Amino acid sequence: MEPKYKRVLLKISGEALAGENGTGIDGAMTKKVAEEIRQLVDLGVQTAVVVGGGNFWRGRTSTDMTRATGDYIGMLATVMNSLALQDALLTAGVRAKVQTALVIREVAEPYIWRKAMKELDDGDVVIFGGGIGEPHFSTDTAAALRAVDIGADMLLLAKNIDAVYSADPAVDPNAERYSHLCMKEVFDRGLKVMDLTAATICMENNMKIQVFGLAEENSLVRAVCGETIGTLIE
Ligand code: UDP
């Protein structure tokens with residue numbers, strides 16, 4: 001298989017690393033994600049990753065504390081996930097670095113754009129932890145921003161659903177499944193692909209997005225080889 005894209009940014013939610021109950025870090029799940037990423041590296045695709053933190057904490061759902069504190073806890077959760085993924089990648093024989101937007105020198109490098117570019121050029125997987133390091137944002141926004149920063153050819157948005165639909169197909173059996181969309185349609189139809197800040201960054205920077213289900217076999221490789229496996233937004 002020939003990759004169509006040379007450099008990608010993969011966004012996975014925290015739940016992708018969790019076990020069946022959706023919380024914490026599950027070793028087998030993390031290993032599975034690392035194996036999928038290894039396939040991309042083996043194809044020679046430069047791969048950056050942003051991991052969410054929802055398997056531990058989301059700032060917006062912690063109503064009993066100030067929002068900023070809740071959000072910082074969420075950012076720290078993404079660092080925990082990033083370290084777990086790095087460990088699984090290293091165990092799978094893939095060189096992987098973690099760069100964080102919040103400086104935690106003992107466990108990761110700080111985010112330095114030029115260093116990240118060098119590491120990607122060297123074939124390392126670069127995991128961006130800590131979101132963008134600011135409360136009131138999401139890891140979707142971090143993914144959009146970092147994808148633009150590193151000049152990614154595409155943002156791979158792994159979900160626990162296989163594509164973008166007009167409504168939740170689990171609730172509405174008539175929900176329409178989209179294979180292609182443009183960002184304007186995402187806005188006009190109010191489709192829940194990513195939050196508005198992230199969607200705006202993608203639209204303003206012409207960032208292509210491939211939405212797909214991480215559970216699908218070889219989904220990452222198929223996406224970088226140009227197969228439309230879920231919904232392509234461009
Ligand atoms: N977060 C933040 N700023 C960022 C990125 C994340 O404040 O730049 C916080 C926010 O509270 C968010 C939490 O970290 O709810 C976890 O991230 P997210 O909800 O995006 O994780 P996912 O849903 O992808 O697992």
Side-chain angles (χ1 to χ4, degrees), residues 8-26 29-30 32-34 36-37 48-86 88 98-104 107-113 116 126-150 155-162 164 168 191-202 205 207 209-215 219-220 230:
V8 295
L9 187 137
L10 168 67
K11 158 75 207 298
I12 52 175
S13 70
E15 276 109 347
L17 306 183
E20 275 184 2
N21 61 3
T23 61
I25 296 170
D26 180 82
M29 287 299 287
T30 310
K32 195 167 163 281
V33 174
E36 289 265 341
I37 294 173
V49 186
V50 167
V51 196
N55 52 328
F56 287 115
W57 191 267
R58 285 196 178 97
R60 63 185 172 279
T61 52
S62 54
T63 49
D64 48 358
M65 69 174 74
T66 47
R67 176 63 193 264
T69 303
D71 281 339
Y72 278 115
I73 295 174
M75 286 182 257
L76 292 171
T78 74
V79 177
M80 294 198 282
N81 286 334
S82 299
L83 293 178
L85 182 60
Q86 180 192 35
V98 177
Q99 289 204 353
T100 54
L102 298 171
V103 179
I104 314 177
V107 294
E109 300 170 352
Y111 172 61
I112 299 172
W113 172 75
V126 182
I127 305 165
F128 296 117
I132 65 164
E134 291 288 337
H136 307 291
F137 288 95
S138 69
T139 49
D140 278 358
T141 296
L145 205 54
R146 295 294 180 247
V148 173
D149 279 356
I150 63 165
L155 169 54
L156 297 171
L157 199 56
K159 298 263 186 194
N160 50 13
I161 186 165
D162 68 332
V164 179
D168 183 351
L191 300 172
K192 289 185 180 59
V193 176
M194 44 175 35
D195 59 68
L196 287 179
T197 314
T200 305
I201 292 169
C202 288
N205 293 280
M207 180 57 63
I209 306 167
Q210 172 78 66
V211 181
F212 62 98
L214 193 60
S219 52
L220 294 185

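The model shown is predicted, which means the values in this text are computed figures rather than measured ones. Just follow the structure's listing: the first ligand is 1, and inside any ligand the first atom is 1. Position 1 is the first residue of the sequence; numbering continues from there.
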- Polar atom proximity, Gly14 to ligand 1 (N or O, under 3.5 Å): yes
- Query: In this structure, which one of Leu191, Val164, Ile161 forms a side chain to side chain contact (heavy atoms under 4.5 Å, CB included) with Val211?
  - Reply: Val164
- Message: Rounded to the nearest 0.5 Å, what separates atom CD in Glu15 from atom NZ in Lys159?
- Response: 10.5 Å
- Residue pair Met65, Ile73: steps toward the side-chain contact (heavy atoms from CB on, under 4.5 Å) verdict: CA-CA 11 Å; Met65 69 174 74; Ile73 295 174; 3.8 Å; yes
- By side chain to side chain contact (heavy atoms under 4.5 Å, CB included), which residues pair with Val33, not counting sequence neighbours? Ile12, Leu17, Ile37, Leu85, Leu214
- ligand 1 to Lys11 polar contact by distance, N or O atoms, under 3.5 Å: yes
- Task: Report, in ascending order of atom number, the atoms of ligand 1 lying under 4.0 Å from any heavy atom of Gly54.
- Result: 21 (O), 22 (P), 25 (O)
- Item | Heavy atom of the protein closest to atom 19 (O) of ligand 1 (residue, atom name, distance) | Arg58 NE, 3.3 Å
- Taking atom 5 (C) of ligand 1 as the reference point, the nearest protein heavy atom with its distance: Ser138 C, 3.4 Å
- Just which atoms of ligand 1 are under 4.0 Å from any heavy atom in Pro135? 7 (O)
- Does Ala77 reach ligand 1, in the sense of a heavy atom lying below 4.0 Å from it? no
- Query: Between Met194 and Ile209, is any pair of side-chain heavy atoms under 4.5 Å apart?
  - Reply: yes
- Write out the residue and atom name of the closest protein heavy atom to atom 21 (O) of ligand 1, then the distance separating them to 0.1 Å. Gly53 N, 3.0 Å
- Message: Against Leu83, only a single residue in Thr100, Ile127, Val98, Val51 fulfils side chain to side chain contact (heavy atoms under 4.5 Å, CB included); can you say which?
- Response: Val98
- Query: So which heavy atom in the protein is nearest atom 14 (O) of ligand 1, and how far is it from that ligand atom?
  - Reply: Gly74 C, 3.1 Å
- Numbered atoms of ligand 1 (with element) below 4.0 Å of Arg60, judged on heavy atoms: 15 (O), 19 (O)
- Going through the distances and angles, do Phe128 and Asp149 end up as a side-chain contact (heavy atoms from CB on, under 4.5 Å)? CA-CA 12 Å; Phe128 296 117; Asp149 279 356; over 6 Å; no
- min-distance protein heavy atom vs atom 3 (N) of ligand 1 -> Glu134 O, 2.7 Å
- Value for OG1 (Thr66) from OH (Tyr72), rounded to nearest 0.5 Å, stands at 10.5 Å
- Query: By number and element, which atoms of ligand 1 are closer than 4.0 Å to a non-hydrogen atom of Gly131?
  - Reply: 4 (C), 5 (C), 8 (O)
- So is Thr139 polar-close to ligand 1, meaning N/O to N/O under 3.5 Å? yes
- Hey, is the main chain of Ala16 close enough, under 3.5 Å, to the side chain of Asn55 for a donor-acceptor pair? no
- If we only count heavy atoms from C-beta on, is the Glu36 to Ser219 side-chain gap below 4.5 Å? yes
- Task: Applying side-chain contact (heavy atoms from CB on, under 4.5 Å), run through Val126 and Gln99 and close with a yes or a no.
- Result: CA-CA 7 Å; Val126 182; Gln99 289 204 353; 4.2 Å; yes
- Message: When you measure from the heavy atoms of Trp57 to every atom of ligand 1, does any distance fall below 4.0 Å?
- Response: yes
- Message: Distance under 4.0 Å to a non-hydrogen atom of Ser13: what atoms of ligand 1 satisfy this?
- Response: 24 (O), 25 (O)
- Before signing off on this row, confirm whether Asn55 and ligand 1 have an N or O atom pair separated by under 3.5 Å. no
- For atom 10 (C) of ligand 1, which protein heavy atom lies nearest, and how many Å away is it? Asp71 OD1, 3.3 Å
- Query: When you measure from atom 12 (C) of ligand 1 to every protein heavy atom, which one gives the shortest distance, and what is it?
  - Reply: Gly59 N, 4.0 Å
- Message: Using a plain distance cutoff, I'd like to know if Ile12 has any nitrogen or oxygen under 3.5 Å from a nitrogen or oxygen of ligand 1.
- Response: no
- Query: Distance from Thr139 atom OG1 to Arg58 atom CZ, nearest 0.5 Å?
  - Reply: 8.0 Å
- Task: Would you mind listing which atoms of ligand 1 come within a distance below 4.0 Å of any non-hydrogen atom of Gly52?
- Result: 21 (O), 22 (P), 24 (O), 25 (O)
- In terms of residue, atom name and distance, what is the protein heavy atom nearest to atom 1 (N) of ligand 1? Phe137 O, 3.3 Å
- Asp195: salt bridge (Lys or Arg N to Asp or Glu O under 4.0 Å) partners, not counting sequence neighbours: none
- Query: Does the N or O separation between Ile132 and ligand 1 drop below 3.5 Å for any pair?
  - Reply: yes
